[in-house]
Amino acid sequence: MSVPGTGVRVRLLGPVEVIVAGSPQAVNGVRRKAVLATLALHAGRVVSVDRLIDVVWGDQLPATAANTLQRHVSYLRGVLGEPGSIVARQPGYVLNTGPDSTDVQAAERLLELARRSSDRNEQVAHLTAAVALWRGPPLADVAGSAWLEEQAEHLARLRLEAERALAEARLSVGEHAGLVPGLERLVRQHPLDEHLHAQLMLALYRDGRQGEAVATYRRLRDTLRENLGIDPSPRLRDLECAILRQDTAIAAPAPAAAAQPPVAAQLPPPVPTFTGRDAELAALDALVDRGGAVVVSGTAGVGKTALAVHWAHRAAERFPDGQLYVNLRGFDPAATPTDPARALHGFLEALGVPVSRMPSDRDLMVSLYRTTVAGKRLLVVLDNARDAEQVRPLLPGSPDCLAIVTSRDQLLPLVVTESAQPVPLDLLSSDEARDMLARRLGARQIDAEPGAADDIADRCARLPIALAIVAARAATNRHFSLAAVAGELGDLDAFHGGDEATDVRAVFSWSCRTLSPPAVRLFRLLSLHPGPDVSVPAVASLAGITPQASGPLLTELTRANLLTEHTYGRYAFHDLLRAYAASLAEAAEAPAERSAAVHRLLDHCLHTAHAADLALHPHFSDISLPPPRAGVTPERPRNKLAATAWFTAEVPVLLAAVPLAARAGFEGHAWRLAWTMAGFLHRQGHWQDWLGTQRIALAAASRLGDQTGQGHAHRSLGLACSRLRRYDEADDHLRRAFDLFTDVGDDAGRAHTCLNLGQLAERQGQHHQALDHSRRALTLFRRAGNEAGQGYTLNAVGWQEGLLGNYDSALESCGEALRKLQEVDDVQGQADTWDSLGHAHHQLGDDRRAIACYEHALDLFTQVNDRYAEASTYVNLGGSHRALADFGATQVAWRRALSILDELGDADADAIRADLAQLDASRLH
């Protein structure tokens with residue numbers, strides 16, 4: 001629903017609303033809303049002045065209607081934020097906010113996608129997102145216009161259509177248990193609708209509620225006889241009979257326990273020495289059952305995160321469906337704030353939504369998120385928020401959920417619009433500051449020197465972060481008295497001219513003076529890392545030292561509380577400390593040394609990411625890298641598992657490193673880094689991140705005039721757009737990539753691009769075009785002498801020939817592919833090809849040979865640990881066993897597939913579960 005360039009949405013599926021850049025904008029006046037609604041229902045099409053006047057005023061036409069309409073349009077342009085949002089075009093006006101800029105357009109598109117899809121799980125995803133767009137009765141606040149009331153009725157029918165289709169799709173994949181409350185609501189609203197009653201009867205029966213299912217039928221029968229004098233249809237009577245005799249044909253197994261979504265538990269560890277804040281904790285306790293949002297605000301370093309996390313752990317049992325957490329990095333000086341879409345992706349993953357159901361559009365992600373949490377009791381901690389616009393998409397929107405937002409900003413728009421409860425956080429009181437020192441140093445030492453303790457608290461401005469640093473200094477030097485520590489702090493008066501004795505930066509400077517010179521240098525250089533955290537090997541490359549030498553320095557910084565090891569082997573700054581370290585680096589490190597450190601860091605990221613990508617795809621890493629600078633020690637993931645683990649840990653760093661490289665003048669690093677991470681982002685479903693990094697890559701390569709880099713960026717953008725169903729954009733990018741690779745004479749690049757064009761054509765059902773592109777790719781791979789590329793492409797040719805029914809040709813092409821891939825020892829490609837061979841033999845009716853091929857594929861998929869492909873082949877294997885009427889072997893194969901898919905949390909598991917149920921039913925008959 002978001003409009004590129006404008007960020008304007010018009011919402012009609014409920015009260016008429018305008019959303020600009022994520023923030024609701026008030027539209028005052030029923031007639032103004034009616035004008036907007038009429039234009040929005042014709043979005044992109046001209047509505048004549050006469051038609052607008054007729055809709056808005058009807059029979060109550062004032063003499064000044066035309067002039068008043070002009071004023072209404074002018075007002076609405078101001079609300080929408082751009083003069084060009086409503087364009088005067090004869091004979092009237094047109095709403096010009098772009099495609100999908102209304103929720104009605106988005107809902108219609110999602111319903112069409114669901115109708116066109118043959119994948120039931122994909123249908124569930126589209127329909128769930130569509131239904132979530134309705135916020136109540138459509139056009140609820142523009143009553144009085146006959147035409148708009150007709151449109152409201154049409155949109156209400158559209159909602160019913162979507163809800164019925166969603167219930168049907170969910171029943172087909174075994175999701176009956178959660179359907180009953182919604183279907184009961186629908187049959188109350190539509191008491192004569194037989195289709196809804198049939199769905200409710202089936203859902204009740206499958207949920208073990210046979211008596212209620214029969215009672216539902218009999219209530220409908222009585223209602224029909226009383227109101228219409230008719231009986232239920234034969235179809236519904238047949239369903240009642242099937243329920244009464246417990247017919248296995250209508251049964252569905254309960255979802256396996258392994259398929260249940262996990263309970264999210266994302267909270268970071270609490271601060272062990274947390275103290276005080278009794279009033280604020282009590283305020284949060286009082287809000288626990290209220291739901292909605294709470295804003296904890298206060299100055300930097302005052303302890304907002306510590307409070308939120310401490311309370312969240314204390315209240316976790318009150319939220320049995322889980323706790324979500326994200327650091328939004330709103331004030332991190334080294335990074336841009338976290339994109340809400342990325343945070344949503346993480347939340348949906350934690351809630352058990354598989355990648356296959358993950359929407360690409362942010363607004364659809366919001367809808368899916370709120371639908372997923374509906375009825376759950378969740379706690380959501382949104383830490384370090386920049387502004388209200390960053391927060392709004394992440395609010396769960398359910399009265400049983402509570403969101404705690406921390407920010408340096410008071411976030412008044414959330415308080416005003418979303419009724420968020422403010423919990424301002426002030427400095428620690430003197431008693432709380434003394435108690436914090438006591439928890440860290442022991443009550444005996446504080447009681448022995450109470451005056452010195454108070455002096456320390458005052459000089460630290462009673463900020464928890466400053467007190468923690470000073471306490472760390474005292475704890476590691478037990479022979480120091482508190483008076484001596486306070487005296488050291490007193491020396492800062494002279495050091496800072498007396499103006500910053502209570503400035504937290506003064507405490508930082510005091511702490512740094514206690515470090516060894518190498519540790520101080522590392523502290524400065526760490527500010528150049530884009531975050532959000534850093535590993536030990538990356539620290540070593542950044543500083544140009546060995547990993548062995550970096551360990552003691554990191555320990556020194558951690559003991560001084562200047563750095564936190566928040567996960568084993570990974571270190572992070574507080575925002576204030578990062579900013580202070582950056583100021584030191586600016587003052588003490590020459591520009592050339594800062595640039596050299598960034599260069600080393602980017603070399604480390606690039607060479608390690610390239611090695612990890614090679615481990616995952618050994619025959620398809622086709623870019624050259626300049627050698628790393630002296631002092632860089634790249635990591636070398638040993639195998640696919642290690643490579644996947646490295647990417648999983650480092651992808652937030654890599655996403656920050658790409659724009660850092662572009663800003664710092666390392667354009668070559670920018671496009672190459674984006675290239676190395678593209679495959680991982682694709683497999684993990686981070687398609688918006690994939691698109692964003694490749695756009696930076698394309699701009700960087702263009703500034704360099706590097707046609708090879710531009711070609712790779714265009715090709716990757718084409719793949720990302722294809723995955724996001726932007727097929728015209730995908731085709732344009734891929735064709736540009738092909739032209740660029742042609743200009744530089746890169747046959748391998750052209751071949752890969754042709755292969756991708758074939759995949760794009762296949763996605764759109766254009767199998768003949770797909771085959772043509774793949775054959776052209778094969779010619780180019782042969783010219784480039786790329787044996788692995790030839791093998792993969794021959795398999796693609798064979799697969800597409802099989803889809804066109806040319807099974808003998810498919811066997812020939814896949815057989816040649818297999819020989820090529822065996823020569824280069826590409827196990828993944830061999831496994832894929834054995835599966836394609838099995839498919840062709842199955843279609844030819846030779847299922848014994850198909851089974852042998854599938855078993856070869858399974859052996860190889862196990863070697864490369866491709867669990868999803870292994871499950872897919874087990875499904876195919878079961879199909880061939882079923883064709884031979886070997887139902888026992890079919891059941892074994894499908895149960896193995898189901899076990900893997902449940903383990904992966906993949907949506908395809910429901911379809912296999914339904915197939916197994918059908919198989920069991922057919923065997924009973």
Side-chain angles (χ1 to χ4, degrees), residues 1-4 8-14 37 39-45 94-135 138-139 150-173 175 182 186 195-196 199 353-371 685 687-688 720-731 759-767 907-908 910-911:
M1 290 178 293
S2 293
V3 184
V8 173
R9 285 177 290 148
V10 180
R11 302 170 75 182
L12 308 173
L13 301 177
L39 291 171
L41 288 165
H42 295 84
R45 293 173 288 152
V94 59
L95 183 68
N96 187 36
T97 49
D100 258 18
S101 60
T102 75
D103 52 4
V104 173
Q105 291 173 310
E108 290 173 339
R109 178 173 62 82
L110 287 164
L111 291 174
E112 179 59 27
L113 287 172
R115 279 191 288 269
R116 285 165 40 194
S117 175
S118 58
D119 183 330
R120 283 294 196 176
N121 292 295
E122 194 173 78
Q123 289 175 12
V124 170
H126 292 318
L127 292 166
T128 299
V131 169
L133 293 172
W134 271 267
R135 296 165 290 112
L139 303 171
E150 288 176 7
Q151 296 305 305
E153 291 175 7
H154 163 71
L155 294 174
R157 289 194 298 272
L158 189 68
R159 178 181 189 171
L160 178 60
E161 174 191 335
E163 289 178 320
R164 286 171 55 167
L166 176 58
E168 197 70 31
R170 290 182 65 188
L171 281 169
S172 73
V173 296
E175 295 183 4
L186 287 171
H195 189 86
L196 288 173
Q199 290 177 329
V353 176
V355 169
S356 58
R357 286 194 186 178
M358 205 77 74
S360 55
D361 179 85
R362 192 188 84 174
D363 290 314
L364 298 183
M365 291 176 78
V366 173
S367 296
L368 179 58
Y369 165 56
R370 290 179 179 162
T371 301
W687 301 303
Q688 293 294 345
C721 288
S722 174
R723 186 60 187 80
L724 293 168
R725 300 178 184 273
R726 302 179 187 177
Y727 295 135
D728 289 342
E729 290 180 60
D731 186 74
Q759 294 162 347
L760 177 62
E762 185 181 321
R763 272 180 170 269
Q764 299 174 85
Q766 301 164 353
H767 298 304
D908 289 344
D910 293 333

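Quantities reported herein were computed from a predicted structural model and do not represent experimental measurements. Below, each value reflects all heavy atoms present in this structure, side chains not excepted, and no hydrogens, waters or symmetry copies.
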Subject >> salt bridge (Lys or Arg N to Asp or Glu O under 4.0 Å) involving E112 - partner list, sequence neighbours excluded >> reply: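 Checked E112 against salt bridge (Lys or Arg N to Asp or Glu O under 4.0 Å); matches are R115.
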Subject >> With E168 via salt bridge (Lys or Arg N to Asp or Glu O under 4.0 Å) - residues at least two apart >> reply: none
Are side-chain heavy atoms of [X] and [Y] found at a separation under 4.5 Å?
X: T128; Y: L368; answer: yes
X: R11; Y: T102; answer: no
X: H42; Y: L95; answer: no
X: D103; Y: V10; answer: no
X: L13; Y: L139; answer: no

Closest contact, heavy atoms only, [X] versus [Y]:
X: E163; Y: L186; answer: OE1-CD2, 3.0 Å
X: A169; Y: L127; answer: CB-CD1, 4.2 Å
X: P138; Y: A152; answer: CG-O, 3.5 Å
X: L12; Y: A40; answer: CD1-CB, 3.8 Å
X: E108; Y: L158; answer: CG-CD2, 4.2 Å

Can you tell me how far the [atom1] atom of [X] sits from the [atom2] atom of [Y], to the nearest 0.5 Å?
X: Q123; Y: R170; atom1: CD; atom2: CZ; answer: 14.0 Å
X: R159; Y: L111; atom1: CZ; atom2: CG; answer: 12.5 Å
X: R726; Y: D731; atom1: CZ; atom2: CG; answer: 15.0 Å
X: L760; Y: D728; atom1: CG; atom2: CG; answer: 9.0 Å
X: E762; Y: S722; atom1: CD; atom2: OG; answer: 10.5 Å
X: N96; Y: L39; atom1: CG; atom2: CG; answer: 11.5 Å

**OP:** Start with the C-alpha distance between L160 and L196, add both sets of side-chain angles, then the distance that settles side chain to side chain contact (heavy atoms under 4.5 Å, CB included), and finish with yes or no.
**Re:** CA-CA 10 Å; L160 178 60; L196 288 173; 3.9 Å; yes
**OP:** Name all residues meeting the side-chain contact (heavy atoms from CB on, under 4.5 Å) criterion together with A132; count only those two or more places apart in sequence or in a different chain, and write none if there are none.
**Re:** S367, T371
Original post:
Can you name the ring-ring contact (aromatic ring centres under 6.0 Å, His included) partners of H195, sequence neighbours left out?
Top reply: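 Listed in chain order: nothing, the list is empty.
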**OP:** Could you list the residues that satisfy side chain to side chain donor-acceptor pair (under 3.5 Å) with R164, not counting sequence neighbours?
**Re:** D193
**OP:** Applying side chain to side chain donor-acceptor pair (under 3.5 Å), name anything that partners E729, two or more places apart in sequence or on another chain.
**Re:** none
